[in-house]
Amino acid sequence: MDSQNYDIEKILQRYDSDYVFHYLGVKILEIKEGYAKTQIPFKKELTRRGNILNGGMIVASIDYTGGLAVLSINDGMDQVTQELKVNFLEPMYRGPFTVEANVIRKGRTAVAVEITFKDVGGSLGAIGLGTWYIIRDKKINMNVQPQ
């Protein structure tokens, strides 16, 4: 893929049936080669006691944004998150929240990504480091129906 911005509407089609993506309210702000920027709103449904954003919601948004950065450089058939480590640095309660992901190394089958999660004032709430596995020989069945 080239270094220009990517068609966000086309990318969003991949997430049409992704219920967690929509529940979080993820908005894709920018995608370019090796980089993605998203935003999630502050919603009561995403908080824990004390009106603080739930850590699982932070991890999920970091996972999605890291995956979008990998998608921008993926030369295989598909991808999956192989590993994701998140350090929580500050409680997050001032939205909307911005998540930025940068590819820091791309190998043949593994891509390392650094992801930051910030509140509306720019305070760093969490930082993630993830590895995505590039699938080259088969596609994941996206049409599996829950039983």
Side-chain angles (χ1 to χ4, degrees), residues 1-135 139-140 142 144 146:
M1 294 185 161
D2 57 31
S3 61
Q4 61 188 331
N5 289 337
Y6 296 91
D7 183 351
I8 291 174
E9 290 303 316
K10 187 173 181 179
I11 291 169
L12 278 173
Q13 291 173 3
R14 292 177 63 116
Y15 296 95
D16 278 347
S17 62
D18 191 318
Y19 301 114
V20 175
F21 185 84
H22 293 290
Y23 184 77
L24 285 172
V26 177
K27 179 179 179 185
I28 300 173
L29 301 179
E30 183 180 4
I31 298 177
K32 56 187 178 183
E33 188 172 356
Y35 174 83
K37 182 177 184 179
T38 63
Q39 187 178 74
I40 66 167
F42 178 87
K43 299 191 305 188
K44 280 247 188 231
E45 299 84 4
L46 304 179
T47 63
R48 48 158 274 195
R49 67 187 182 287
N51 286 328
I52 296 169
L53 196 62
N54 180 285
M57 305 303 141
I58 293 171
V59 172
S61 64
I62 283 174
D63 189 22
Y64 279 116
T65 308
L68 288 167
V70 173
L71 183 64
S72 76
I73 52 107
N74 185 340
D75 56 355
M77 298 177 76
D78 211 335
Q79 66 191 44
V80 292
T81 309
Q82 186 173 4
E83 178 183 26
L84 183 58
K85 176 195 183 313
V86 176
N87 286 12
F88 299 100
L89 306 172
E90 296 285 338
M92 292 281 102
Y93 52 88
R94 296 182 309 148
F97 307 98
T98 303
V99 190
E100 291 184 84
N102 286 289
V103 171
I104 54 177
R105 184 182 185 284
K106 179 187 181 298
R108 177 166 156 66
T109 57
V111 179
V113 183
E114 182 179 67
I115 310 106
T116 59
F117 187 99
K118 297 179 180 177
D119 71 8
V120 71
S123 293
L124 183 62
I127 189 162
L129 180 62
T131 305
W132 275 258
Y133 181 77
I134 303 295
I135 298 169
K139 189 164 179 96
I140 297 171
M142 302 297 274
V144 174

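For the numbers below, each heavy atom of this structure counts, side chains included, while hydrogens, waters and symmetry mates do not.
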Less than 3.5 Å apart, which donor and acceptor atoms pair up between the side chains of residues 108-116 and the rest of the protein, not counting sequence neighbours?
none

Item to check | ring-ring contact (aromatic ring centres under 6.0 Å, His included) contacts touching residues 73-118 (sequence neighbours left out) | outcome: Phe97-Phe117
Next on the checklist: I need the Tyr23 OH to Lys43 NZ distance, nearest 0.5 Å.
Outcome noted: 6.5 Å
Item to check | Minimal non-hydrogen separation, Leu24 against Ser61, with atom names | outcome: CD1-N, 4.0 Å
Item to check | Identified side-chain contact (heavy atoms from CB on, under 4.5 Å) partner of Tyr64 from the options Val59, Asp18, Ile28 | outcome: Asp18
Checklist outcome for this item: Contacts satisfying salt bridge (charged side-chain N to carboxylate O under 4.0 Å, His left out) that involve residues 53-77 (not counting sequence neighbours) are Asp75-Lys106, Asp75-Arg136
Please list, one pair per line, the donor and acceptor atoms closer than 3.5 Å that link side chains of residues 120-132 to other protein atoms, with sequence neighbours excluded.
{"residue": "Trp132", "atom": "NE1", "partner": "Thr81", "partner atom": "OG1", "Å": "3.0"}

Item to check | With Glu100 via side chain to side chain donor-acceptor pair (under 3.5 Å) - residues at least two apart | outcome: Tyr35
Next on the checklist: What's the separation between atom OG1 in Thr98 and atom CD1 in Ile40, rounded to the nearest 0.5 Å?
Outcome noted: 9.5 Å
Checklist entry - With Asn54, which residues qualify under side chain to side chain donor-acceptor pair (under 3.5 Å), at least two apart? => result none
Item to check | Criterion side chain to side chain contact (heavy atoms under 4.5 Å, CB included) on Leu71 and Gln79, from CA distance to verdict | outcome: CA-CA 8 Å; Leu71 183 64; Gln79 66 191 44; 4.1 Å; yes
Enumerate, atom names and distances included, each donor-acceptor pair closer than 3.5 Å involving a side-chain atom of residues 44-53, sequence neighbours excluded.
{"residue": "Lys44", "atom": "NZ", "partner": "Asn51", "partner atom": "OD1", "Å": "2.9"}
{"residue": "Thr47", "atom": "OG1", "partner": "Lys44", "partner atom": "O", "Å": "2.7"}

Next on the checklist: Looking at Asn74 and Asp78, would you say the former's side chain and the latter's main chain have a donor-acceptor pair under 3.5 Å?
Outcome noted: yes
Checklist outcome for this item: Residues pairing under salt bridge (charged side-chain N to carboxylate O under 4.0 Å, His left out) where one sits in residues 81-99, two or more places apart or in two chains, turn out to be Arg94-Asp119
Next on the checklist: Thr38: which residues meet the side chain to side chain donor-acceptor pair (under 3.5 Å) condition with it, sequence neighbours left out?
Outcome noted: Thr65
Item to check | Heavy-atom check, side chain of Gln39 versus side chain of Val99, under 4.5 Å | outcome: no
Checklist entry - Looking only at heavy atoms, which two atoms of Ala36 and Ala69 are closest? And how far apart? => result CB-N, 3.6 Å
Checklist outcome for this item: By side chain to side chain donor-acceptor pair (under 3.5 Å), Lys27 pairs with (sequence neighbours left out) none
